[in-house]
2 protein chains.
Amino acid sequence: MVVAPNEERGAHVDPAALEALRTRLQTYMVKKGLRSTAQRRLIIDTFFEGAPHMTIEDLLQKVRNHDRGIGYATVYRTLKLLAECGVASERRFGDGLSRYELADEASAHHDHLICLRCGKIIEFEEPRIEQLQDEIAEKYGFLITSHKHEMYGHCADCQRARKESGEDLDELDE
Amino acid sequence: MVVAPNEERGAHVDPAALEALRTRLQTYMVKKGLRSTAQRRLIIDTFFEGAPHMTIEDLLQKVRNHDRGIGYATVYRTLKLLAECGVASERRFGDGLSRYELADEASAHHDHLICLRCGKIIEFEEPRIEQLQDEIAEKYGFLITSHKHEMYGHCADCQRARKESGEDLDELDE
DNA sequence: GTCCTTGCAAAACATTTGCAGTTCC
DNA sequence: GGAACTGCAAATGTTTTGCAAGGAC
């Protein structure tokens, strides 16, 4: 599944899974005595409906289309809240930015190919790798709570583009 | 292979591999017209002989035992140089700190289990996972230059300790 | 003598926090 | 009404950069 930067996520995710996440969030907020504000609702809806792997910056821009006055801190705090209750997962792909994605069951089992040239992020799923991970964890008596499996390199498009432009793979001599 | 925090790395690494890395660095520096200074030599030797997964902070402390006046910037710049020429790899394990390890052939093929409770880092190697990675890359026409595979959770010791102390696994209600 | 390197301090960067005012329940 | 929330600005923590002085070749 290749996810283009501006593609919306809604269509991909099982509506029942979305519902379950909303319920989990709701429960968590009640338990903690947290409040439902206009800003939080807007940020959360934007996050649920937006593209995967959005950065804080991405989210803030989208959110400000509806409410000009929303500040960075509120977005940070809200996404942190989502991560705390297991509704969102924070991801870092090495460009120094935090990205967030829905923590539904499907997301829990996919990993990423990241193109270092164009920034494209491709998701993949490989049950046989998961199987091996479990074997390894068992071997070391480790109890796994999460994992990160990323492969960095050049996507097919960029390999083609590089060949055409004569760009060098190994730019050791600038 | 479990690596304790203060264990030295020297004994683990094939001397020929170390030699190859030194040569690569040497070649790179000559090609770029870079100079061999006392500070660089000290930082590089300390890195080569020190424990794996050292942070900049760790390195600076060790280096200052021999030369009090070395600054952060020099350590940053030198490690960046090592990473550029493929002698060191930068790793981030989610605690906000950059760690560096030797990029020898063995390191290129191992990944990490990270204990979220005590910070222990366990290295593992699984050729069958590498095999599957290659399959996936091929399927997407991706050319892989590096990868990152980390599993986070609790190590055997910490599971034991947690049980004894009655610590709760899921601290949702603070 | 070049021009690369260093150490310092300042800047840059993403993220967090303190606070006064506002909103929710 | 009181606690939670917001937006701002200031603080934080890590990493990078500008610069004048020093050192390698």
Side-chain angles (χ1 to χ4, degrees), chain A residues 25-47 53-61 63-85 88-100 119 173-174, chain B residues 25-47 53-61 63-64 66-85 88-100 173-174:
Chain A
L25 174 59
Q26 171 71 15
T27 307
Y28 182 78
M29 291 183 69
V30 169
K31 178 150 94 186
K32 290 270 199 174
L34 306 180
R35 289 169 186 175
S36 172
T37 65
Q39 292 95 325
R40 274 188 186 161
R41 285 191 298 271
L42 175 56
I43 294 167
I44 291 167
D45 289 347
T46 305
F47 171 67
H53 316 124
M54 291 225 275
T55 62
I56 294 287
E57 190 65 35
D58 294 340
L59 257 163
L60 186 67
Q61 294 316 319
V63 154
R64 282 197 172 156
N65 292 340
H66 294 83
D67 178 343
R68 197 61 56 84
I70 288 189
Y72 273 92
T74 304
V75 180
Y76 273 106
R77 286 189 274 231
T78 304
L79 270 288
K80 206 178 172 189
L81 163 61
L82 292 179
E84 260 170 43
C85 69
S89 311
E90 196 184 280
R91 304 263 173 198
R92 288 171 196 265
F93 293 144
D95 58 0
L97 300 173
S98 291
R99 292 161 189 277
Y100 290 85
D173 32 47
E174 357 223 63
Chain B
L25 174 59
Q26 171 71 16
T27 307
Y28 182 78
M29 291 183 70
V30 170
K31 177 150 91 183
K32 289 270 198 173
L34 306 179
R35 289 169 187 174
S36 172
T37 64
Q39 293 93 325
R40 273 187 186 160
R41 286 191 298 271
L42 176 56
I43 294 168
I44 290 166
D45 289 348
T46 304
F47 172 67
H53 316 123
M54 291 224 275
T55 62
I56 294 287
E57 190 66 35
D58 293 341
L59 258 163
L60 186 67
Q61 293 318 317
V63 153
R64 282 197 171 155
H66 295 83
D67 178 344
R68 196 60 57 84
I70 287 189
Y72 273 92
T74 304
V75 178
Y76 273 106
R77 287 190 272 229
T78 303
L79 272 287
K80 206 178 172 189
L81 162 61
L82 292 179
E84 260 170 43
C85 68
S89 312
E90 196 185 278
R91 305 264 173 197
R92 289 172 197 262
F93 293 144
D95 58 0
L97 299 173
S98 291
R99 291 160 190 277
Y100 290 86
D173 30 48
E174 359 221 65

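Residue numbers begin at 1 in each chain, while the letters A, B, ... track the order of the sequences. The figures that follow rest on heavy atoms only: side chains count, while hydrogens, waters and symmetry mates do not.
For B:G33 and B:V75, each mapped to the nucleotide of DNA chain C holding its nearest heavy atom, the one lying further toward the 5' end belongs to B:G33. Map B:E57 and B:T37 each onto its nearest nucleotide of DNA chain D; the residue landing nearer the 5' end is B:E57.
Atoms CG (B:L97) and C1' (C:dA14) sit 15 Å apart, rounded to a whole Å. The nearest whole Å value for the distance from the CG atom in A:L60 to the C1' atom in D:dC8 is 13 Å. Distance B:R41 CZ to C:dT6 C1': 14 Å, rounded to the nearest Å. Summarising the geometry, the separation between CD on B:E90 and P on D:dT15 is reported as 7 Å, rounded to the nearest angstrom. Rounded to whole Å, atom C1' of D:dT15 lies 9 Å from atom OH of B:Y100. Distance B:L81 CG to C:dC4 C1': 12 Å, rounded to the nearest Å. Rounded to an integer number of Å, the gap from OH of B:Y72 to C1' of C:dA10 is 16 Å. In this structure, A:R40 atom CZ and D:dT6 atom P are separated by 5 Å, rounded to whole Å.
Atom OG of B:S89 is separated from atom CG of B:L82 by 10.5 Å, given to the nearest 0.5 angstrom. Note that CD1 of A:I56 and CG of A:L97 are 9.5 Å apart. Values are rounded to the nearest 0.5 Å.
Looking at every heavy atom in both residues, A:Y72 comes nearest to A:R64 through N-NH2, 4.4 Å.
Considering only the side chain of A:K80, C:dT17 comes nearest among D:dT16, D:dT15, C:dT17. The listed nucleotides are C:dT15, D:dG7, D:dT15; the one nearest the side chain of A:Q39 is D:dG7. Out of C:dC24, C:dT15, D:dA9, the shortest distance to the side chain of A:R35 is found at C:dC24.
Between the side chain of B:R40 and the backbone N or O of B:T78, no donor-acceptor pair lies under 3.5 Å. No donor-acceptor pair under 3.5 Å is formed between the side chain of A:R92 and the backbone N or O of B:G94.
At the heavy-atom level, B:R77 lies under 4.0 Å from base atoms of the strands shown.
The phosphate of D:dA24 has neither OP1 nor OP2 within less than 4.0 Å of any side-chain N or O from B:S36. When the side-chain nitrogen and oxygen atoms of A:S98 are compared with OP1 and OP2 of C:dA14, none of them lie within a distance under 4.0 Å. Remark: A:Y76 is not in phosphate contact with C:dT16, judged by side-chain N or O atoms under 4.0 Å from OP1 or OP2.
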